[in-house]
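The next block holds one structure in the form of structure tokens; read it before the comments.
Sequence lines set the chain letters: A, B, ... in the order given, protein chains first and strands last, and positions in each chain run from 1.
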2 protein chains.
Amino acid sequence: MGPKTTRRHQQGEESKERILDAVIQIAAERGYEGTTVSLVSERSGLPVSSIYWHFGNKDELIAAVIERGFRAWSAEQAEPFEVDPAATRRELIAAILHHDVGSLARRHPEFLRFGLMLTLEQRAEEPKGRTLFLEARETSLERIVGGLALVLEAERIPDDGFARRLGQLIIATVDGLFLATRASLDLDDLNSHLDLLAGAIDLLIEERTPR
Amino acid sequence: MGPKTTRRHQQGEESKERILDAVIQIAAERGYEGTTVSLVSERSGLPVSSIYWHFGNKDELIAAVIERGFRAWSAEQAEPFEVDPAATRRELIAAILHHDVGSLARRHPEFLRFGLMLTLEQRAEEPKGRTLFLEARETSLERIVGGLALVLEAERIPDDGFARRLGQLIIATVDGLFLATRASLDLDDLNSHLDLLAGAIDLLIEERTPR
DNA sequence: TCGTCCCTGAAGCGATGGCTCCAGGGAATA
DNA sequence: TATTCCCTGGAGCCATCGCTTCAGGGACGA
């Protein structure tokens, strides 16, 4: 399975990375349709034939960049993330928000931006990259719902889909806040809005807590 | 100022409408770049030359469709909207949400969808339509902030930008929820999430109320 | 009935889209 | 040194892109 000519193979991997770097940059600016192979070639400094040699066609190229982005983000999510045991519930929720979704907006803005574009689009035949992004998003939802379910359980709140609804609300809000950074909101505002959101979620849970 | 040949002029207006109908349909599916004049011609049944005769070029065409969408939505927002005087604050907030922003998602989904695409995009020269959409969005924010400010005032909560932050949170959430309808959320869920959001806003205000 | 003006139809411009082909170059292996 | 295999370079295919041009057709006021 291993490559025969290591050195040469390594250079190929580097080329792939350079190409994908160019793709995510362009795609985040101009969307699927606006991402042209010749532009990718120009910005990456590699010839068109290399792009096709590595990725086969445009759809696979786009899919590859989504996959790489999701992998990078997943790796970060998997990092253990410690919380002060004395933290309030609200602080705990805020921590989840910042770690799980806020990080996406902060550390992989191009990935999220392009992913949201793909989400909005709809063409005759679904780009592979769109499917991948939606799956990634679903995975992320499950993660958040899992975290919320633990919180609800600790409060003895029966979870009849409540955690899921909260999770959907959270993801939606973060998406929307990120979108707003494309208009007039700046990144610092985004973080403070995340805290506001954490407060709102906390209060919604409080309201449901039996006593 | 009036048209000379009324009948012919009227037909021209109808053609314009048919063209814009085709544009918003295509643009909501495929974005700015994916909206080609020849496709618009095909779907509207009118020749390319008519499109250019009416709108001059592609950028103006896109701008016109955004403008029409915003006008339609504004007209609806301007409609008086009555609230039960006995309504709770939460119900009042929910009513504002449904009337001001929810209506956009429900009644002009293509407009919102395309607008969000434009918001995400960024090309060398900003399309006129994008600027228009962002202005529309700003107007809408002011409206909501105005409504919230009244609520805060009634509760004697000092408004040091709190209303604006809530407004931004609301718009972001609605955008995000709409986005989610492009993935897996259905429209009924959107409405129930709006109520959840109204509850969250209500609780955030409650928390700030001096007593 | 005539001329005017709004709009349409068809043809076609240069540029660019995705994609293919194929002759190599150059490191690794024999 | 000879051979193999990964990758690159560049020319070029055909379709379609945005956009333009211009000769009319048809309803109107005169």
Side-chain angles (χ1 to χ4, degrees), chain A residues 1-23 26-27 29-65 121 123-129, chain B residues 1-23 26-27 29-65 121 123-129:
Chain A
M1 189 67 192
K4 305 287 171 53
T5 60
T6 320
R7 174 72 182 285
R8 200 81 184 124
H9 180 80
Q10 184 185 335
Q11 189 190 326
E13 287 303 313
E14 280 169 20
S15 294
K16 264 182 144 173
E17 290 300 309
R18 281 175 60 195
I19 293 169
L20 291 182
D21 288 345
V23 170
I26 298 168
E29 281 176 8
R30 317 176 36 134
Y32 185 97
E33 200 93 25
T35 304
T36 71
V37 178
S38 59
L39 195 53
V40 170
S41 160
E42 187 184 313
R43 203 170 299 188
S44 68
L46 289 165
V48 174
S49 60
S50 290
I51 297 172
Y52 278 92
W53 195 90
H54 285 294
F55 299 99
N57 61 44
K58 178 174 169 175
D59 202 49
E60 293 293 333
L61 177 64
I62 299 294
V65 87
E121 284 180 16
R123 37 176 41 73
E125 42 196 300
E126 173 112 337
K128 207 170 162 184
Chain B
M1 189 69 191
K4 305 288 171 53
T5 60
T6 321
R7 173 73 182 284
R8 199 86 182 119
H9 180 80
Q10 183 185 335
Q11 189 190 327
E13 288 302 313
E14 281 168 20
S15 293
K16 264 181 145 173
E17 291 299 309
R18 281 175 59 194
I19 292 170
L20 291 182
D21 289 343
V23 170
I26 297 168
E29 282 176 7
R30 318 177 36 136
Y32 186 97
E33 200 92 24
T35 303
T36 72
V37 178
S38 59
L39 195 54
V40 171
S41 161
E42 188 183 313
R43 203 172 297 188
S44 68
L46 290 166
V48 174
S49 61
S50 291
I51 297 171
Y52 278 91
W53 194 90
H54 284 293
F55 299 99
N57 61 43
K58 178 175 170 175
D59 201 50
E60 293 292 334
L61 177 64
I62 298 295
V65 86
E121 284 180 19
R123 37 177 39 73
E125 42 196 300
E126 172 111 339
K128 207 170 162 185

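In plain terms, the two heavy atoms of B:Leu39 and B:Gly34 that are nearest each other are CD2-O, 4.5 Å. Taking every heavy atom of both residues into account, A:Val37 and A:Ile51 meet most closely at O-CD1, 3.8 Å.
One interatomic measurement links the two molecules: CG of B:Leu61 to P of D:dT20, which rounds to 13 Å at whole-angstrom precision. Rounding to whole angstrom units, CZ of residue B:Arg123 and C1' of D:dG18 are separated by 13 Å. Atom CZ of B:Phe55 is separated from atom C1' of D:dG18 by 16 Å (rounded to the nearest Å). Here D:dT16 presents its P atom at 10 Å from CD of B:Glu42, a figure rounded to the nearest Å. In this structure, CD1 of B:Ile26 is placed 15 Å from C1' of D:dT16, rounded to the nearest angstrom. Rounded to whole Å, the distance from CD1 on B:Ile19 to P on C:dG9 is 11 Å. Distance B:Leu46 CG to C:dC6 P: 18 Å, rounded to the nearest Å. Atom CH2 of B:Trp53 is separated from atom C1' of D:dA23 by 16 Å (rounded to the nearest Å).
The shortest side-chain heavy-atom distance between B:Ile19 and B:Leu61 falls under the 4.5 Å cut-off. Two residues are said to be in side-chain contact when any heavy atoms from C-beta on lie closer than 4.5 Å; A:Phe55 and A:Lys16 meet this criterion. With contacts defined as side-chain heavy-atom distances shorter than 4.5 Å, the pair A:Ser15/A:Leu46 qualifies.
Comparing D:dC7, C:dC7, D:dG9 against the side chain of A:Pro47 picks out D:dG9 as the nearest.
At the phosphate of D:dC6, neither OP1 nor OP2 sits under 4.0 Å from any side-chain N or O atom of A:His54. The phosphate of D:dG9 has neither OP1 nor OP2 within less than 4.0 Å of any side-chain N or O from A:Ser50.
One finds the CD atom of A:Glu33 at 7.0 Å from the CD atom of A:Glu121 (value rounded to the nearest 0.5 Å).
Pairs engaging residues 52-61 of chain B under the salt bridge (charged side-chain N to carboxylate O under 4.0 Å, His left out) rule: B:Glu60-B:Lys128 [sequence neighbours left out].
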Handout entry: Where protein sits on nucleotides 15-20 of chain C, one letter per nucleotide: B base, S sugar-phosphate only, - none, heavy atoms under 4.0 Å
Key = --SSBB
